Chemist: 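Have a look at this one before I ask anything.
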Amino acid sequence: MHARADAADTAPESSTLWPDDIFATLQRFDVRQVPYVPDAGHSKLIQRVQGSSTMRGIPLTTEEEGVALLAGAWTGGQRGVLLMQSSGVGNCINMLSLIPILRYPFLTLVTMRGEWGEFNPWQVPMGSTTQGVFELSGVKVLRASNAAEVPAVLEAAAAQAYNALTPTAVLLSQRLIGAKVFTK
């Protein structure tokens with residue numbers, strides 16, 4: 001049997017405006033294409049993208065499609081960002097080899113699972129290895145653990161990805177995204 005944690009444990013972070021901060025930064029960096037696999041952690045950001053006249057949200061059937069889509073976006077003269085959950089990172093391992101070969105800017109925002117009081121055992125293996133998988137694939141990893149860190153972390157990540165062509169992933173902690181915490 002599981003008991004839901006007190007709302008106070010997750011409410012402060014989940015009620016902040018960090019998705020709006022992300023949206024504003026992506027606008028400043030002229031991001032036009034935003035491929036994503038639907039994810040509750042990214043839902044507010046996805047809604048902002050879908051309502052934008054300058055960005056195009058592109059739903060994917062699997063995350064690795066987004067890696068290739070960003071290569072095509074760059075070839076066509078546009079910047080993009082891939083939104084996914086940590087469980088989808090494993091799907092991208094082979095596709096990440098495109099980045100150094102084609103030398104295009106790659107930025108991904110990853111909502112983390114399998115860390116902070118995770119209740120779903122299927123989320124733990126990939127969640128606990130996400131950072132290592134990215135680093136072994138040549139992707140620089142930055143992490144935002146609280147809402148106050150999001151603007152600066154994303155600004156640095158976007159500058160690295162788009163200006164220095166350094167493939168970069170921003171890991172958004174499970175506590176930040178307001179994932180429900182369950183205990184026995």
Side-chain angles (χ1 to χ4, degrees), residues 13-14 18-19 22-23 25-26 29 31 33-46 49 57-74 79-146 149-150 153-154 156-162 164-181:
E13 291 295 340
S14 63
W18 63 267
I22 291 174
F23 183 78
T25 301
L26 297 178
F29 278 89
V31 169
Q33 296 193 33
V34 184
Y36 64 91
V37 172
D39 169 40
H42 282 305
S43 62
K44 186 172 181 185
L45 178 57
I46 292 168
V49 167
I58 305 161
L60 307 171
T61 56
T62 185
E63 294 81 2
E64 65 265 28
E65 296 170 349
V67 178
L69 195 144
L70 292 183
W74 179 248
R79 291 179 173 175
V81 62
L82 173 59
L83 307 182
M84 67 175 141
Q85 191 179 87
S86 57
S87 58
V89 173
N91 296 337
C92 297
I93 294 172
N94 284 332
M95 293 300 287
L96 293 173
S97 66
L98 284 177
I99 301 165
I101 292 170
L102 300 177
R103 293 202 33 86
Y104 68 94
F106 178 80
L107 178 61
T108 184
L109 305 180
V110 181
T111 54
M112 294 301 296
R113 293 287 307 268
E115 296 181 324
W116 185 259
E118 180 63 60
F119 73 97
N120 182 346
W122 293 102
Q123 295 288 347
V124 176
M126 195 65 235
S128 64
T129 59
T130 296
Q131 182 165 344
V133 167
F134 275 133
E135 289 171 344
L136 286 170
S137 300
V139 177
K140 174 83 172 155
V141 176
L142 302 177
R143 182 181 283 267
S145 297
N146 62 64
E149 294 174 337
V150 171
V153 169
L154 183 57
Q160 280 183 183
Y162 301 129
L165 294 179
T166 303
T168 307
V170 174
L171 307 185
L172 302 167
S173 80
Q174 192 164 350
R175 188 164 189 195
L176 168 68
I177 62 173
K180 300 298 181 210
V181 178

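Side chains included, hydrogens not; waters and symmetry mates left out as well; all remaining heavy atoms used. Please read these numbers as outputs of a predicted model, since none were measured by experiment.
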Chemist: Between Ala161 and Phe106, what is the shortest heavy-atom contact and its length?
Modeler: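 Closest approach of Ala161 to Phe106: CB-O, 3.4 Å.
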
Chemist: Run the numbers on Leu154 and Leu109 for side-chain contact (heavy atoms from CB on, under 4.5 Å), then give the verdict.
Modeler: CA-CA 9 Å; Leu154 183 57; Leu109 305 180; 3.6 Å; yes

Chemist: Looking only at heavy atoms, which two atoms of Pro105 and Tyr162 are closest? And how far apart?
Modeler: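 Closest approach of Pro105 to Tyr162, heavy atoms only: CB-CD2, 3.7 Å.
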
Chemist: Apply the test side-chain contact (heavy atoms from CB on, under 4.5 Å) to residues Arg79 and Leu107: give CA-CA distance (whole Å), side-chain angles for both, the deciding distance (0.1 Å), then the verdict.
Modeler: CA-CA 9 Å; Arg79 291 179 173 175; Leu107 178 61; over 6 Å; no

Chemist: Any donor and acceptor pair, going by atom type alone, linking the side chain of Thr168 with main-chain N or O of Lys140 inside 3.5 Å?
Modeler: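 Judged by distance alone, no pair lies under 3.5 Å.
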
Chemist: Looking only at non-hydrogen atoms, find the nearest pair between Ser43 and Ala40 and report the distance.
Modeler: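 Nearest pair, atom of Ser43 first, then Ala40: OG-O, 2.9 Å.
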
Chemist: Glu63 versus Met95: any side-chain heavy-atom pair under 4.5 Å?
Modeler: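 No; the side chains remain at least 4.5 Å from each other.
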
Chemist: I'd like to know whether Leu172 forms a side-chain contact (heavy atoms from CB on, under 4.5 Å) with Ile22, so could you lay out the CA-CA distance, the side-chain angles of the two residues, the decisive distance to 0.1 Å, and finally the verdict.
Modeler: CA-CA 11 Å; Leu172 302 167; Ile22 291 174; 4.2 Å; yes

Chemist: I'd like to know if the side chain of Gln174 reaches the main chain of Glu115, judged simply by a donor and an acceptor atom lying under 3.5 Å from each other, with no hydrogens or angles considered.
Modeler: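 Judged by distance alone, yes, a pair lies under 3.5 Å.
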
Chemist: For Tyr104 and Ile99, work out which heavy atoms get closest and say how close.
Modeler: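 Between these two residues, the closest heavy atoms are OH-CG1, 3.5 Å.
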
Chemist: Grab the two heavy atoms, one from Val110 and one from Gln85, that are nearest each other, plus how far apart they are.
Modeler: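 Closest approach of Val110 to Gln85: CG1-C, 3.8 Å.
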
Chemist: What verdict does the side-chain contact (heavy atoms from CB on, under 4.5 Å) test give for Thr108 and Met84, after you've listed the backbone C-alpha separation in whole Å, the side-chain angles of each residue and the deciding distance to 0.1 Å?
Modeler: CA-CA 7 Å; Thr108 184; Met84 67 175 141; 3.4 Å; yes

Chemist: Indicate yes or no for a side-chain donor-acceptor contact from Ser173 to the backbone of Ser145 under 3.5 Å, with no hydrogens or angles considered.
Modeler: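 Checked: pair present.
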
Chemist: Under a 3.5 Å distance rule, please check whether Gln33 uses its side chain to pair with a backbone N or O of Leu70 as donor and acceptor.
Modeler: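 No, Gln33 side chain to Leu70 backbone: no donor-acceptor pair under 3.5 Å.
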
Chemist: So among Ile93, Val141, Thr129, which one has a side chain to side chain contact (heavy atoms under 4.5 Å, CB included) with Phe134?
Modeler: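 With Phe134 as partner, side chain to side chain contact (heavy atoms under 4.5 Å, CB included) holds for just one option, Val141.
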
Chemist: With a 4.5 Å cut-off on side-chain heavy atoms, are Leu82 and Leu60 touching?
Modeler: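 They are in contact (side-chain heavy atoms under 4.5 Å apart), so the answer is yes.
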
Chemist: Work out which heavy atom in Leu102 is nearest to a heavy atom in Ala71; give both atom names and the distance.
Modeler: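 Looks like CD1-CB, 4.1 Å.
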
